[in-house]
2 protein chains.
Amino acid sequence: MRFRFVYTGVRVRDMERALRFYTEGVGMRLKERVKIPETGGEVATLLTEGSEQLLELNWYPQEGLHRDYREGDELDHLAFEVPALDGALEHLVKQGATVTLEPFREGGEWLAYVKDPDGIWIELTAHER
Amino acid sequence: MRFRFVYTGVRVRDMERALRFYTEGVGMRLKERVKIPETGGEVATLLTEGSEQLLELNWYPQEGLHRDYREGDELDHLAFEVPALDGALEHLVKQGATVTLEPFREGGEWLAYVKDPDGIWIELTAHER
């Protein structure tokens with residue numbers, strides 16, 4: 001089972017403020033900023049020179065799927081790519097994870113979410129179910 | 001001001017359980033595991049094949065500096081290397097950060113912590129103050 005750690009996603013309350021902080025403050029480069037039609041939210045991906053580590057800023061509308069931001073919501077999820085979704089899910093559940101969002105399609109990809117034993121949300125993405 | 005994003009640190013309640021999950025479960029490779037004499041805690045760094053993204057597991061004793069783990073403590077900090085600490089701190093404070101731990105030495109390095117405008121802890125490390 002091959003997982004590839006892709007980025008860390010943090011949740012922000014104000015996308016403009018957060019982007020300003022991480023670009024003008026921390027000096028990160030904005031790689032991509034996209035709206036997510038499925039949630040009405042927005043995602044921005046940033047990186048620094050000399051590092052491939054990606055930081056993803058996640059903003060959600062304060063309605064529908066997502067409850068209000070509160071202290072402790074800072075970490076949104078860790079993201080891993082896997083070759084196929086169902087096998088990876090089954091494997092992680094055996095290892096103590098719990099499924100929090102069953103597999104669904106978003107764009108051309110399959111996604112699912114699990115919680116690790118500490119409650120950390122992990123996103124799994126795959127081209128194949 | 002040059003920042004280099006180095007890793008994401010998450011806080012775990014049981015280091016053995018977390019290491020088992022991220023190695024046997026997620027298939028990450030343990031790069032390093034060290035005890036931190038200053039806190040009595042422990043740190044493990046992991047990575048996956050095909051990615052330079054580093055995940056750091058942080059475990060702290062449930063006494064002294066660190067309050068009990070509660071939901072919302074999952075994200076420990078984002079870590080950035082900077083050339084010199086004081087300038088970076090001053091710069092980030094101007095950008096809306098607040099200093100949570102003033103500069104201190106650990107091993108051969110200078111460290112400091114700030115909170116970003118969303119409350120996310122950011123570690124700054126530098127060889128020079």
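Both backbone and side-chain heavy atoms feed into the values below; hydrogens, waters and symmetry mates do not. Every chain is numbered from 1 and lettered A, B, ... according to where its sequence line falls, protein lines coming before strand lines.
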Polar contact flag, side-chain donor to acceptor under 3.5 angstrom, B/Tyr7-B/Glu123: yes
Among A/Glu24, A/Arg20, A/Glu81, A/Lys94, residue most engaged with chain B (heavy-atom pairs, under 4.5 Å): A/Glu24
Heavy-atom proximity to chain B below 4.5 Å, by part of A/Arg17: side chain
Pair A/Glu16 + A/Arg33, salt bridge at N-O below 4.0 Å: yes
Pairs of heavy atoms under 4.5 Å with chain B: top-ranked of A/Thr48, A/Leu78, A/Ile122: A/Thr48
Residue part contacting chain B, namely of A/Leu47, when any heavy atom lies under 4.5 Å: neither
B/Val43 side chain reached by B/Glu56 side chain, heavy atoms, under 4.5 Å: yes
Chi angles and distances behind the salt bridge (Lys or Arg N to Asp or Glu O under 4.0 Å) call for B/Arg4, A/Glu49: CA-CA 6 Å; B/Arg4 196 170 76 86; A/Glu49 289 296 310; over 6 Å; no
Contacting region of A/Leu46 [heavy-atom separation from chain B under 4.5 Å]: neither
Atom group of B/Leu124 that falls short of 4.5 Å from chain A, counting heavy atoms: neither
Distance, nearest 0.5 Å, that separates CZ of A/Arg129 from CG of A/Leu111: 11.5 Å
A/Phe5 portion near chain B, given a 4.5 angstrom heavy-atom threshold: both
Contact summary for A/Leu85 and A/Ala126, nearest pair of heavy atoms: N-CB, 3.8 Å
